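Just so it is clear, the model here is predicted, and its values are computed rather than measured. In each ligand, atom 1 is the first atom listed, and ligand 1 is the first ligand listed.
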Amino acid sequence: MSGPFGAFRQFVLKVHSRCDLACDHCYVYEHADQSWRGRPRVMSDETVTWASLRIAEHVKTHGLPQVTVVLHGGEPLLAGPERLGRIAGELRAALDPICDLDLRLHTNGVRLDDRFLDVFAEHGVKVGVSLDGDRAANDLHRRFADGRSSFEQAIRA
Ligand code: SF4
């Protein structure tokens with residue numbers, strides 16, 4: 001039974017709700033709705049557990065062979081490698097036995113380093129890095145709060 005809207009096959013988990021960039025086009029942090037200021041910075045362990053269980057329940061209910069889960073933010077790397085490892089591990093434990101889990105993370109790349117990459121390799125997390133274009137295009141909007149460019153970090157990532 002799929003219900004009137006069918007089954008969800010992609011889930012975006014906002015695991016960290018702040019960012020280390022201040023892109024002027026950011027639809028979350030740089031516009032009129034500033035309600036994010038009153039929300040938790042990081043997704044709690046309890047919420048991760050419930051999200052994993054509820055996605056698993058959805059997969060079973062709809063008999064889905066495959067789902068995609070994207071770890072997102074804000075900037076998800078601000079959650080740190082240990083927490084991201086716990087999150088990925090919990091999702092894998094809940095979903096690997098019942099479906100093909102396509103697990104991804106989307107980042108601005110500024111903090112991406114070997115500590116994170118080791119965790120992502122261990123848990124099979126694919127990584128996407130945002131870049132607005134070449135240096136000129138990227139520097140139009142994708143900057144730190146003090147105006148510095150993020151281009152070099154994104155290219156390195
Ligand atoms: S990197 Fe993304 S979340 Fe962060 S300020 Fe830029 S658009 Fe917003």
Side-chain angles (χ1 to χ4, degrees), residues 5 7-56 58-59 66-92 94-95 100-157:
F5 305 110
F8 296 107
R9 290 177 171 76
Q10 184 176 90
F11 300 84
V12 177
L13 296 189
K14 302 280 192 174
V15 297
H16 195 281
S17 293
R18 299 292 186 277
C19 192
D20 43 6
L21 291 184
C23 311
D24 62 9
H25 54 34
C26 183
Y27 66 88
V28 179
Y29 301 114
E30 302 298 325
H31 289 292
D33 180 359
Q34 293 287 301
S35 56
W36 57 269
R37 291 181 185 277
R39 303 220 174 102
R41 285 182 173 268
V42 70
M43 184 178 278
S44 71
D45 290 344
E46 185 183 2
T47 300
V48 172
T49 297
W50 276 110
S52 303
L53 292 174
R54 294 287 282 143
I55 294 169
H58 189 77
V59 166
Q66 193 258 352
V67 287
T68 299
V69 177
V70 185
L71 308 180
H72 208 275
E75 171 46 50
L77 296 188
L78 287 172
E82 286 173 14
R83 185 181 289 268
L84 288 173
R86 286 206 306 277
I87 294 170
E90 193 139 0
L91 286 162
R92 287 245 169 252
L95 293 166
D100 174 16
L101 171 60
D102 177 6
L103 184 55
R104 297 166 182 250
L105 173 138
H106 204 85
T107 172
N108 62 33
V110 166
R111 288 168 191 261
L112 192 62
D113 64 15
D114 286 345
R115 296 172 312 144
F116 287 105
L117 293 175
D118 287 346
V119 168
F120 299 153
E122 180 185 347
H123 294 285
V125 182
K126 297 172 191 149
V127 180
V129 177
S130 296
L131 187 69
D132 285 359
D134 62 10
R135 181 185 291 277
N138 199 72
D139 288 355
L140 280 177
H141 304 289
R142 189 169 281 279
R143 291 178 174 273
F144 290 92
D146 63 5
R148 279 180 298 128
S149 167
S150 64
F151 184 75
E152 291 299 338
Q153 286 100 321
I155 289 293
R156 179 192 50 78

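A side-chain hydrogen bond (donor to acceptor under 3.5 Å, both in side chains) with N108 holds for exactly one of E75, Q153, R142; it is E75. The only member of T47, V48, V42 that meets side chain to side chain contact (heavy atoms under 4.5 Å, CB included) when paired with S44 is T47.
Inside a 4.0 Å radius of atom 2 (Fe) of ligand 1 there is not any protein heavy atom.
Around atom 6 (Fe) of ligand 1, protein atoms of type N, O or S found under 2.8 Å number 1.
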Which side-chain N or O atoms in residues 121-128 pair as donor and acceptor under 3.5 Å with protein atoms at least two apart or in another chain?
residue : atom : partner : partner atom : Å
H123    : NE2  : G85     : O            : 3.4
K126    : NZ   : D102    : OD1          : 3.1

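Other residues, nucleotides and ligands place no more than 12 heavy atoms under 6.0 Å from the CZ atom of F8.
Between F11 and H58, the ring planes lie perpendicular to each other; the angle is over 60°, past the 30° to 60° tilted range.
Between D24 and R143 there is no salt bridge, since no side-chain nitrogen of the basic residue lies less than 4.0 Å from a carboxylate oxygen of the acidic one.
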